[in-house]
Amino acid sequence: RGGIQSVDPGQREAAQAIGMTHTQTMLHVVLPQAIRNVLPALMLASPQGRAQTTLEIIREALPALKGVPARIEPCLAEMNYGTCQGVPLASLPFDPWMPKDGAARFGGETGQEVQRRALGGLLGVMDKAPGSVLAVSHGTVMSHLLEALEPGGEAPLAIENGCILVLSYNQTARSLALIESVAVPCR
């Protein structure tokens, strides 16, 4: 379903404009693009080892992904917590799962800086490799990224730890859309 929804509505309109029936449109226009959109063109992981291990587990578990290129993507790196980097979670003076601007008080990144880094980096990657992308990163990075993708600026799910997102890319509009997400929900 997510693959079908990821096909630009203009594709259906164009098919209907040249006289294709609904069935012809689905068989010859929508489904080929949907299948291509569902299988990611690229798989990305944060530079942190946990994300890389998760990506390898996914690749092993889903044989269809074995031929999909995978790489480490710096824009997905964990949020910089400044002088609080490495402090035990229980001792942090802000919510570690959604610090917003709490880390900035200690020389770390703001939520907006994380959004710009992650979104800008992914758009740059996808400009060169259009299609969908499977991205594995940390809860804070993915929460901020999801907020940037949502019209109201609220993440559609609360993420506490790691997260896997499958995003489609509209090259004309230069925009990302969420196809699927797998996350460890907040307790």
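Predicted model only: the values in this text are computed from it and were never measured. If you read the sequence from its start, that first residue is 1, and numbering goes on from there.
With hydrogens and angles ignored, the 3.5 Å screen pairs a side-chain donor or acceptor of Ser137 with a backbone N or O of Leu76. Side-chain N or O atoms of Asn170 include one that pairs as donor or acceptor with a backbone N or O of Ala173 at under 3.5 Å. Using a distance-only test at 3.5 Å, with no hydrogens or angles considered, no donor-acceptor pair links the side chain of Ser91 to the main chain of Val87. At least one donor-acceptor pair closer than 3.5 Å links the side chain of Gln85 to the backbone N or O of Tyr81. Remark: the backbone N or O of Asn80 is paired with a side-chain donor or acceptor of Glu109 at under 3.5 angstrom. Formation of a donor-acceptor pair under 3.5 Å by the Glu73 side chain with backbone atoms of Leu44 is not found in this model. At distances below 3.5 Å, not a single donor-acceptor pair connects side-chain atoms of Gln11 with backbone N or O atoms of Asp8. With hydrogens and angles ignored, the 3.5 Å screen pairs a side-chain donor or acceptor of Gln24 with a backbone N or O of Thr21.
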Margin query: Between Met79 and His138, does the side chain to side chain contact (heavy atoms under 4.5 Å, CB included) criterion hold? Intermediate values first, please.
Written below: CA-CA 8 Å; Met79 182 174 195; His138 316 280; over 6 Å; no
Item to complete: Applying side chain to side chain contact (heavy atoms under 4.5 Å, CB included), run through Leu122 and Leu119 and close with a yes or a no.
Response: CA-CA 5 Å; Leu122 286 174; Leu119 187 57; 5.6 Å; no
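Considering OG of Ser132 and CG of Leu165, their distance stands at 12.0 Å, rounded to 0.5 Å. Interatomic distance, Thr53 OG1 to Gln48 CD, rounded to the nearest 0.5 Å: 10.0 Å. Leu55 contributes atom CG, which lies 8.5 Å from atom CD of Gln52 (distance to the nearest 0.5 angstrom). With values rounded to the nearest 0.5 angstrom, Thr172 atom OG1 is found 12.5 Å from Arg174 atom CZ. From Thr25, atom OG1 reaches atom CD of Glu13 across 11.0 Å, with rounding to the nearest 0.5 Å.
Here the closest heavy-atom approach between residue Leu42 and residue Arg71 is recorded as CD2-NH1, 4.3 Å. Residue Cys84 comes nearest to Phe106 through the heavy atom pair SG-CG, 3.6 Å, listed as atom of the first residue, atom of the second, then distance. Contact between Arg59 and Leu65 at its shortest, heavy atoms only, is NE-O, 3.7 Å.
Tested against Val114, the residues Arg116, Gln112, Arg117 include a single side chain to side chain contact (heavy atoms under 4.5 Å, CB included) partner, Arg117.
Leu134 is not listed as a side-chain neighbour of Val68, based on a closest heavy-atom distance of 4.5 Å or more. Lys66 is listed as a side-chain neighbour of Glu60, based on a closest heavy-atom distance under 4.5 Å. Leu167 places a side-chain heavy atom less than 4.5 Å from the side chain of Leu149. Side-chain contact between Val141 and Ser46 is absent, with no heavy atoms from C-beta onward closer than 4.5 Å. Contact check for Val133 versus Val125: no side-chain heavy atoms found under the 4.5 Å cut-off. Side-chain atoms of Val30 and Arg12, non-hydrogen and from C-beta on, do get closer than 4.5 Å to each other. Residues Leu123 and Tyr169 meet the side-chain proximity criterion, which asks for heavy atoms closer than 4.5 Å.
Residue-environment remark: NE2 (His28) exceeds the threshold of 12 foreign heavy atoms within 6.0 Å.
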